[in-house]
Amino acid sequence: MSRLLVKDVRIVDADRELVGDILIGESTIQAVGAGLSVPPGVPVLLGEGRMALPAFVDLHAHFRDPGFPEKEDLLSGARAAAHGGFTCVSLMPNTDPACDSPEVARYILEEARRQGLVEVYPVGAITRGLKGEELADMEGLAPYVWAFSDDGHGVDDHELMLAACRKAAALGRVVYPHPEFSGVSDPELSQELMVARDLWLCRRTGCRLHLAHLSTPGGLELVALAKGQGLPITCEVTPHHLTLSKEEACYTVNPPLPDRRAQKALVQGLREGIVDVIATDHAPHTPEDKARGAPGISGIELAFPILFTRLVKPGLIPLSRLSRGLSLEPARILGLNKGLIKEGLDGDIVLVEDEPFTADEDFFLSKSSNTPLLGAELRGRVWATVHKGEVIYLAGKVKGRDFDDHRQVI
Ligand code: DOR
């Protein structure tokens, strides 16, 4: 049984580029090629000059649920994700209560399943209440989480981090540090010192390590050295660190925006494959909290447009490389059957338009629009997001509230 045909699109993934059609079955891609015939009764999305990429997978988002529904909740976050072209999101544990117990992880998973919009993969806390004092219930959390992180805070205590790495290795889960020592005033050094320590702990314990939001050339240099030694490590950079410099935008985010020199090094790291993943660090905040200095950018909806506009259009990064960082590598890290437009893989695709648009207040489906890109003219707007053959976002409308069945809107 076929579920959807996408016709006459420019298909781009990490491995290839062609013009053709994509036929999706009950859940997986059935065929990719030129001139596929339209099976009777199967809805068709017409390419009409659009590009089709594998849907994006975000390893790093904050949906603030439980605890801060005025900023975001699991439903508004999922709607924003679908709007941004993401079908899978991994959620950070700095909620209230923190995701440091099986109960909170189960709440997130059950709520996401009930909504049935995007796939959700919780990250468990390393320490209880993210206080950096004692380990969270890592054994209890392990069945529900793929990784452990105290995102928002680095774990300063070396012995505690060593114990966390040993435990994560025994449980077969990834350690996902927020690399920043609290007692070091130079932000670059603060990151580099913690990257160095955590790489060493990885070497000592054999745990898998995924480093959050690297923003310094020195951090990437250390990652390159460790990869050269064959350590089981990956790292990510955010769209804002890749495209905005502190000379250009004055905006509070953690880690701070890089200067132009550092930003160039991050782009080069992505081009050369030292950077594995582009992760949004979607961090919604109310205007009041931003005014009080809360760090973060509401980034999941503009991730692709800003990367496309500032890196692909000027020829700094090929679209295929972007696709690797936004889809293939994060899917591989999560162990998903996704990330390429290929027969047998999940039918998760995104259709994007190479037309200019303005990212004004009305653009956002997130509850928060805290971004220095408000009002910017960009290209690469997402037109449709498809999850396992089901259209979950199309031309401004999201499945659930705006339509029940994609057949009604095609
Ligand atoms: O800017 C940030 N905001 N960086 C983080 O690491 C945490 C995040 C948040 O939760 O607001």
Side-chain angles (χ1 to χ4, degrees), residues 58-74 76-77 80-81 89-100 104 108 122-127 129-132 147-156 175-182 184 187-188 190-191 194-195 198 210-216 219 235-246 249-258 262-263 266 277-303 306 366-373:
D58 195 2
L59 287 189
H60 191 146
H62 300 269
F63 282 2
R64 313 292 193 206
D65 190 350
F68 308 99
E70 68 285 6
K71 297 178 192 241
E72 199 79 289
D73 59 34
L74 286 162
S76 65
V89 289
S90 151
L91 298 183
M92 283 300 177
N94 58 343
T95 47
D96 187 16
C99 185
D100 62 359
V104 176
I108 293 167
V123 175
I126 296 176
T127 69
L130 309 172
K131 290 200 169 82
F148 292 100
S149 179
D150 268 8
D151 189 66
H153 314 271
V155 177
D156 284 349
V175 178
Y176 193 162
H178 169 111
E180 184 187 356
F181 273 118
S182 59
V184 182
E188 288 208 16
S190 164
Q191 177 173 112
M194 194 172 276
V195 168
D198 290 348
H210 177 76
L211 293 158
H213 44 52
L214 289 189
S215 62
T216 66
C235 72
E236 72 190 27
V237 173
T238 71
H240 44 273
H241 291 102
L242 284 165
T243 58
L244 297 170
S245 67
K246 66 178 176 201
C250 174
Y251 209 79
T252 312
V253 62
N254 220 357
L257 290 178
Q263 191 200 333
L266 299 179
V277 167
I278 305 171
T280 70
D281 196 3
H282 175 69
H285 288 294
T286 59
E288 296 74 30
D289 285 344
K290 265 326 265 185
R292 279 185 226 112
I297 289 177
S298 177
I300 206 161
E301 291 167 272
L302 287 177
I306 183 69
S366 166
K367 288 188 184 178
S368 302
S369 52
N370 50 295
T371 167
L373 297 171

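Sequence positions, counted from 1, serve as the residue numbers for this chain. A quick note: this is a predicted structure, and the numbers were derived from the prediction, not measured. Counting convention: from 1, in listed order, for ligands and their atoms alike.
A ring-centre distance under 6.0 Å is found for His213 and His178.
Glu236 and His60 share a donor-acceptor pair across their side chains, judged by distance under 3.5 Å alone.
Within 4.0 Å of ligand 1, protein heavy atoms come from His62, Arg64, Asn94, Asp151, Gly152, His178, His213, Val253, Asn254, Asp281, Ala283, His285, Pro295, Gly296.
Across all their heavy atoms, Val155 and Phe181 have their closest contact at O-CE2, 4.4 Å.
Evaluation of the salt bridge (Lys or Arg N to Asp or Glu O under 4.0 Å) test over residues 277-298, restricted to residues two or more places apart or in two chains, returns Lys71-Asp289, Asp289-Arg292.
Remark: Glu180 pairs with no residue by the salt bridge (Lys or Arg N to Asp or Glu O under 4.0 Å) rule, at least two apart or across chains. Scored by the ring-ring contact (aromatic ring centres under 6.0 Å, His included) test, His285 finds no partners at all (sequence neighbours excluded).
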